[in-house]
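So the structure is just underneath, and the comments pick up after that.
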Amino acid sequence: MSDNKRNQSIVDRIWNFFSSITLAVVVFTVISLTSIVGTIIEQQAEPERSIKLLSKMFGDAAPGVYKVLDALGFTNMYHSWWFFALLFIFAANLVICSLDRLPKIWKLVKEPIKPLNPEQFNVMPIKREAQLKAGPDEVKGTVEAALKKIGYRPLTRREDGSIQIYAEKGRHSRLGVYIVHFSILVILIGAVIGMLFGFNGSLNLLEGTTSSAAYQGNGTAYPLGFEIRCDDFEVSFYDNSDAPKAYKSWLTIIDNGKEVIKKEIDVNNPLKYKGITFYQASYGFSPNKDSLFRFAVMSNAGVVQNIQIKFGESFEIPGTKIVGKVAGFSPALGQDETGRLFTYAEMMNNPAALVEFTEGGKLKYKQWILKRYPQTWKVQDGTVEFKDLWGAQYTGLQVRKDPGVWIVYLGSILMALGLFAAFFMSHSRVWIKLSDEKKTAKVSVAASTNKNKISFEQKIDKFIKTVTG
Amino acid sequence: MDSSQLYGIASIAYILAMVAYISYLAFKNSTLGVIATTITAVGFVSHTLAFFLRWKEFYDIEQMGILRATPLTNLYESLIFFVWCLILGYLIIEWKYKNRSFGAFVTPIAGMALAFIDISGMSKGIQPLVPALQSNWLLAHVTMSFLSYAAFAISFATALMYLIVTTDDKKSGAYIFWTVALGTFMSVLIAMGLDFLTFKIAVKTPEAFIQSYLFKASYRSSSGAVVLISYIASAVFIFLIWKYGFILKKMITSFSISEDMLDDLTYKNIAIGFPIFTLGGLIFGAIWADQAWGKYWSWDPKETWSLITWFVYAFYLHARFLRGWRGSKIAMVAVIGFVCTVFTYLGVNLLLSGLHSYGGQ
């Protein structure tokens, strides 16, 4: 007996602890304050970077301060055990606070509106009265029509000598707050599922290469269960500028030796296969001896031939004895004020090939051919269109598997619905008593709402006007 | 006429309106009030035209579909849109409540945003859309975020007015809180005005000031003496507001504004701003991040700060409904909420790095 009592009091105590608003405030504050620290110290960054930043605030003590912060988990705080613990307390608090208050609200939501007895009628927060020169039964129809017009479905009860018409709207909106609370929980559950069963990594794929795994930050390989190949990667730029317009990768998924999907992806448009999504995240340039220059060569007579050659190899302009050879390359060819050529960037911002043309082994002329500028393609004996340097760029893919993401989406939809109900809907109730007073009808109105009383009062006044004409 | 000229007209109109509203509060001359409203309305019309004209200009350059050419892609465009939302919200309140005294508190926020644009050296040109921003979510995410920021800004103004009207005791926390808050706000505004006078007018070549000259005439001056004087002047200014705060109270109360009305307005603006912020700022932002980067939440500084802001306003709502907090306590929470909003919006872009870096240029 006494044992049972003690157990109960412990449960009670835990319940009271988690259902207290004070806890909510403390958790809100602690999460906020620690998060601020996390936004100042760059997360998962190189120690040198953080120490450099800290030395601005702490001077020579910076390495020491960094060690302390690192030991406390602040350098990767959003994945630290104590931050998870805070989020867990937040969730527990949310659940128990909601459960604590739900029964009362649930009763209100479950019970439809009832007619009022005179005492209840008199204490309603909004009261109005009017006189009409007609019998209550005639007025009844007008009142009901007017109520229907503003979205209520009126019910009637006849009492001795009077009629009570009553109606309500938005009863279920009282649950809005709880739907919002519940949706936060759903989102957190989705996040936990994603963390436990998901994968987040990256993959750099050189044009023309294939991979069957992606890699986590620490280098661990994660087998995809199929293969992915990068067929091509390209950055397109806005005209005459180096502002990037699009990063595009052409990818192929190979499953069991068969090509199953071919898709062009860009930043806001990922590729999804078997629960794994590939996002365009970054790119890089690493030219090598196998990279291929792709040209479309046209003779002055109009014969076109597509050619792909490695650096140093040569090609022939169709139908002529003229031989071209790539003798130089710049990923980003620029010109300074004096007209001197130089490479201005490390990426393929403005790829250019220096092609030497020979006839019978003797150098005839050479010319820079720029991929982005067609006016440079025309040479003396034809046209050399620089289509691509292929196999020199790699695409940086963000690879993700998240079985919890649809739960997060579901939670978001719930939250949107809950917010709408909680902030833009209200539970309003009206009771109208029609009593016979010497050939006139006395109309008494009582009403209540859980939100926005002032505008509801205006609505009631307008309603009375329509009834009295 | 192009969009930048129309923006220019709107900016000048709002600055003049700010002066007019403040004088109206001080002198209670009804002609001044009508002038203030007229100037604001003219500015607003010009601003609206400018916004759509810029949309068209942007569309002509981008050729990417009308929804993606929303001129809301950099700090300048977003600030100017924030001002638009703010003025729209203010005009609705002035019209609904038939009271012009709010103007003296709302228009300085607009003035501050406009001054900030001019002295921070941010680029006003139309910039080509970087790949990350080429999404239909841009329109929904950004417009809703700024609508909510504007609602929070108005709640800040009314909460501050509430504190001014209700506190008397110079030693009470609430009184000190609002005098320091208002004093700091005004000091920053004045410092920006000084920057404007010393640099914008004196220096004719804007190219010389690609770098920001925010607070270079005061708190961040190269001369140590100026810095010291600036801080002392601000402190004295805050002290004066503390000392003579009751005059402000008299001014506001003479406009037949009740405490309840201010409290109600503060609440209403937060009750509108909070769901819009949650949906447009947090949820739509998360969905967009999920589609562009493969992470719906990555604790990037912008996300973290918006969550902090969200916590503060969630606290406001809970304290009000569950604890029945009314009065100065809750008004202080509303003021703090807006400080967090400003930091989420500007502080993160200017001081911290992260995925939202395109907002910093």
Side-chain angles (χ1 to χ4, degrees), chain A residues 21 24-25 28-29 31-33 35-36 38-40 42-43 77-79 97 101 177 180 187 190-191 194 200 235-238 241 243-248 266-270 277-281 397-400 402 405 408-409 411-413 415-416 418-420 422-424 451-452 454, chain B residues 61-62 64 68 127-138 264 268 270-272 274-276 278-279 282-284 286-288 290-305 307-312 314-315 317-319 321-323 340 343 347-348 351-354:
Chain A
I21 301 275
V25 173
F28 270 26
T29 316
I31 291 180
S32 300
L33 292 179
S35 294
I36 291 173
T39 60
I40 295 167
E42 207 181 323
Q43 298 293 298
M77 66 161 277
Y78 304 112
H79 302 102
C97 276
R101 287 166 184 80
V177 178
V180 174
I187 290 170
N200 222 320
V235 184
S236 58
F237 297 91
Y238 286 97
S241 87
K245 190 174 184 178
Y247 307 113
K248 280 188 178 158
D266 56 40
V267 176
N268 274 292
N269 179 23
T277 317
F278 299 89
Y279 299 86
Q280 182 69 58
L397 300 172
Q398 170 88 23
V399 184
R400 191 196 65 174
D402 190 344
V405 76
V408 174
Y409 273 65
S412 303
I413 294 170
M415 187 183 272
L419 283 170
F420 186 80
F423 285 95
F424 300 118
K451 251 169 266 159
N452 217 345
I454 298 166
Chain B
I61 292 174
E62 301 287 337
M64 267 185 192
R68 296 196 180 179
Q127 289 150 359
L129 209 51
V130 298
L133 294 180
Q134 294 164 15
S135 164
N136 292 339
W137 286 105
L138 175 73
D264 187 56
K268 269 193 185 140
I270 290 174
I272 289 170
F274 184 78
I276 296 178
T278 315
L279 186 66
L282 293 175
I283 295 180
F284 286 178
I287 294 174
W288 187 6
D290 183 50
Q291 294 187 352
W293 299 315
K295 282 176 184 169
Y296 51 83
W297 192 265
S298 49
W299 294 103
D300 132 283
K302 191 86 168 178
E303 291 168 350
T304 309
W305 269 98
L307 186 69
I308 293 169
T309 306
W310 190 79
F311 272 154
V312 175
F315 175 71
L317 294 164
H318 285 85
F321 282 115
L322 292 177
R323 284 255 153 138
C340 288
F343 198 83
V348 171
L351 304 173
L352 307 170
S353 66

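In this text, all values refer to a predicted model and were calculated from it rather than measured experimentally. Here is the naming used below: chain letters follow the sequence lines, and residue numbers restart at 1 for every chain. Hydrogens, waters and symmetry mates are skipped; everything else that's a heavy atom, side chains included, is used.
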Give, as side chain, backbone, both or neither, the part of [X] having an atom under 4.5 angstrom from any heavy atom of chain B.
| X | answer |
| --- | --- |
| A/I36 | both |
| A/I31 | side chain |
| A/A191 | both |
| A/Y409 | side chain |
| A/F278 | neither |
| A/F423 | side chain |
| A/T277 | neither |

A/I454 atom CD1: more than 12 heavy-atom contacts under 6.0 Å
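Not more than 12 within 6.0 Å, no.
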
For a quick test of reading the model, state the closest non-hydrogen atom pair linking [X] to [Y] and the distance between them.
| X | Y | result |
| --- | --- | --- |
| B/P131 | A/P244 | CD-O, 3.5 Å |
| B/A292 | A/Y279 | O-CD2, 3.9 Å |
| B/F311 | A/S32 | CD1-OG, 3.5 Å |
| A/P270 | B/Q291 | CD-O, 3.7 Å |

Any idea which of [options] has the most non-hydrogen atom pairs under 4.5 angstrom with chain A?
| options | value |
| --- | --- |
| B/C340, B/P275, B/A314 | B/P275 |
| B/I283, B/T304, B/L282, B/D290 | B/D290 |
| B/F274, B/W137, B/W299 | B/W299 |

Does some side-chain heavy atom of A/V180 sit less than 4.5 Å from a side-chain heavy atom of B/T278?
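No, their side chains stay 4.5 Å or more apart.
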
Validation row: A/D402, B/Y296 side chains within 4.5 angstrom (heavy atoms):
yes

Donor-acceptor contact below 3.5 Å, side chain B/Q134 vs main chain A/K245:
yes

Are the side chain of A/Y78 and the backbone N or O of B/S298 linked by a donor-acceptor pair below 3.5 Å?
no

Just give me the residue among A/L419, A/T29, A/N268 that pairs up with chain B most often, heavy atom to heavy atom, under 4.5 Å.
A/N268

Among A/A243, A/S35, A/S241, which has the most heavy-atom pairs under 4.5 Å with chain B?
A/S35

Contact part of B/K295 toward chain A, heavy-atom cut-off under 4.5 Å: side chain, backbone, both or neither?
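For B/K295, heavy atoms of backbone and side chain both lie under 4.5 Å from chain A.
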
